[in-house]
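To start, the structure itself, in structure tokens.
One-based numbering, in listed order, for ligands and for the atoms of each. Along the sequence shown, the residues carry numbers beginning at 1.
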Amino acid sequence: MPYYKQAHGEDSNCVIISPSILSVEPKNLRKIIKELERCEVGSIHVDVMDGRFVPNVSYGVQVFSSIRRYAKVPLEVHLMVQDPSNHIKEFADAGADAIIIHYEASGNKNSILEEIRAFGKRSGIAINPETDFNSVKDHMKYADIILVMSVHPGFGGQKFIPDSLDKIKVARRLIDKGNSGTMIAVDGGINIETGKQACSCGADELVVGTAIINSKSISDSIKEFKKIRRMGKNIPN
Ligand code: DX5
Ligand code: ZN
């Protein structure tokens with residue numbers, strides 16, 4: 001079944017919510033992931049950082065594998081690493097459902113995206129706030145997901161960069177024109193307000209860290225996020 005339908009059935013206007021677990025303390029990971037599953041989130045967003053592409057270090061494939069053993073929900077891996085080609089096989093073998101690389105990282109992006117697809121996974125390309133959307137245009141046909149970074153990658157809890165909205169609009173226009181079915185995800189500083197703005201510009205998926213994980217009630221906050229509608233003409237893959 002296509003990933004999008006798996007997440008949201010036939011409701012084509014429902015936005016995909018993908019909570020980022022970056023701010024969850026390791027000892028609470030299992031409990032929180034189980035709670036997110038009960039809330040029927042579309043996927044869980046796992047931020048992998050190598051301390052080179054971004055200053056921080058987060059999880060590697062070992063922690064990811066242990067999450068995979070108990071998590072039933074789709075897992076989306078966001079590789080904030082300098083050399084993504086070294087990591088595709090290990091995360092694919094460890095059971096990632098989607099693997100997102102950065103345009104700004106090294107290596108031939110199209111062949112890495114093809115490699116991800118060859119493993120039967122959804123391929124994604126992320127762009128940093130300072131990168132123009134035109135730079136990634138040529139990679140779009142190899143990507144099932146375009147991840148618009150609405151903060152500088154590396155840390156949770158930052159403020160949404162409003163210029164990201166124009167980038168989402170341009171991506172939406174191009175995708176709808178080409179009928180490619182590439183999904184637009186937005187990552188960084190998403191709360192109900194910025195989430196609504198991003199979706200009204202054409203986002204299909206909201207990656208949400210602190211606004212869900214640090215909220216008073218995870219389930220209430222997810223319920224609110226799920227009320228946001230997406231505007232894209234095509235149902236993403
Ligand atoms: C930032 C990460 C994000 C981040 C989102 O580098 O890619 O996924 O954890 O967290 P918030 O929603 O707090 O910005
Ligand atoms: Zn992320």
Side-chain angles (χ1 to χ4, degrees), residues 15-26 28-29 32-33 36 39 41-61 63-64 67 73-82 84 87 91 96-105 116 122-131 136 143-165 167-168 183-199 203-216 218 221-222 224-226 228:
V15 70
I16 291 188
I17 304 300
S18 186
S20 156
I21 50 173
L22 185 61
S23 68
V24 178
E25 279 190 53
N28 294 333
L29 267 176
I32 299 285
I33 288 173
L36 295 170
C39 298
V41 295
S43 60
I44 286 177
H45 181 91
V46 183
D47 288 301
V48 173
M49 303 179 181
D50 66 352
R52 280 176 70 207
F53 184 75
V54 290
N56 266 346
V57 176
S58 60
Y59 324 100
V61 75
V63 174
F64 179 81
I67 294 173
V73 63
L75 297 177
E76 170 181 280
V77 175
H78 177 190
L79 288 179
M80 282 166 274
V81 303
Q82 190 52 48
H87 302 278
F91 278 98
D97 295 277
I99 302 177
I100 301 172
I101 60 167
H102 262 266
Y103 168 76
E104 301 81 3
I116 297 171
R122 301 177 83 231
S123 62
I125 187 153
I127 46 171
N128 281 343
E130 61 279 5
T131 303
V136 283
D144 300 308
I145 304 166
I146 163 123
L147 182 73
V148 175
M149 288 304 298
S150 39
V151 298
H152 295 283
F155 308 91
Q158 302 178 71
K159 213 168 160 287
F160 182 84
I161 299 173
D163 282 356
S164 321
L165 295 173
K167 217 181 271 183
I168 298 168
M183 190 171 91
I184 304 174
V186 193
D187 184 4
I190 298 291
N191 53 36
I192 294 291
E193 196 45 46
T194 55
K196 277 185 188 158
Q197 290 168 358
C199 286
D204 302 300
E205 173 184 313
L206 300 174
V207 175
V208 191
T210 44
I212 286 177
I213 303 300
N214 298 2
S215 65
K216 256 196 263 146
I218 286 183
S221 120
I222 291 175
E224 283 308 300
F225 275 105
K226 279 189 173 179
I228 301 177

ask   = Taking the side chain as C-beta and beyond, is there a heavy-atom pair between V208 and I222 under 4.5 Å?
value = no

query = Considering only heavy atoms from C-beta outward, does the side chain of V186 approach that of F160 to under 4.5 Å?
reply = yes

ask   = Strictly under 4.0 Å, does any heavy atom of G188 approach an atom of ligand 1?
value = yes

For [X], the ligand 1 atoms whose distance to one of its heavy atoms is below 4.0 Å:
X    : result
M149 : 7 (O)
H78  : 7 (O)
L22  : 9 (O)
H45  : 8 (O)
G189 : 11 (P), 12 (O), 14 (O)
G154 : 1 (C), 6 (O)
D187 : 2 (C), 3 (C), 4 (C), 5 (C), 7 (O), 8 (O)
G157 : 11 (P), 13 (O), 14 (O)

request  = Work out which heavy atom in P129 is nearest to a heavy atom in K167; give both atom names and the distance.
outcome  = O-NZ, 3.0 Å

query = I192 and F225: side-chain contact (heavy atoms from CB on, under 4.5 Å), yes or no, with the steps?
reply = CA-CA 6 Å; I192 294 291; F225 275 105; 3.8 Å; yes

query = Which protein N, O or S atoms lie under 2.8 Å from the Zn ion (ligand 2)?
reply = H45 NE2, D47 OD1, H78 ND1, D187 OD2

inquiry  = So, using ring-ring contact (aromatic ring centres under 6.0 Å, His included) as the criterion, who are the partners of Y59 when residues are at least two apart?
reply    = none

ask   = Are the side chain of D204 and the backbone of I184 linked by a donor-acceptor contact shorter than 3.5 Å?
value = yes

request  = Using the side-chain contact (heavy atoms from CB on, under 4.5 Å) rule, pick out the option among V207, I228, L206, I190 that qualifies with I17.
outcome  = L206

request  = Would you give the length of the straight line joining atom CD1 of I99 to atom CD1 of I145, rounded to the nearest 0.5 angstrom?
outcome  = 10.0 Å

Donor-acceptor pairs under 3.5 Å, side chain of residues 47-55 to any protein atom, not counting sequence neighbours: which ones?
{"residue": "D47", "atom": "OD1", "partner": "H45", "partner atom": "NE2", "Å": "2.9"}
{"residue": "D47", "atom": "OD1", "partner": "H78", "partner atom": "ND1", "Å": "3.1"}
{"residue": "D47", "atom": "OD2", "partner": "S20", "partner atom": "OG", "Å": "2.8"}
{"residue": "D50", "atom": "OD1", "partner": "R52", "partner atom": "N", "Å": "2.8"}
{"residue": "D50", "atom": "OD1", "partner": "F53", "partner atom": "N", "Å": "2.8"}
{"residue": "D50", "atom": "OD2", "partner": "Q82", "partner atom": "N", "Å": "2.8"}

key: ligand 1 contact on T210 by region, counting heavy-atom pairs under 4.0 Å   = both

Considering only protein heavy atoms, which is closest to [atom], and at what distance to one decimal place?
atom                    : result
atom 1 (C) of ligand 1  : F155 O, 3.5 Å
atom 2 (C) of ligand 1  : D47 OD1, 3.5 Å
atom 12 (O) of ligand 1 : G209 N, 2.8 Å

ask   = side chain to side chain contact (heavy atoms under 4.5 Å, CB included) with T131: which residues, sequence neighbours excluded?
value = Y103, E104, I127, N128, S135

inquiry  = Below 3.5 Å, N or O to N or O, backbone or side chain included: is there any such pair between S20 and ligand 1?
reply    = yes

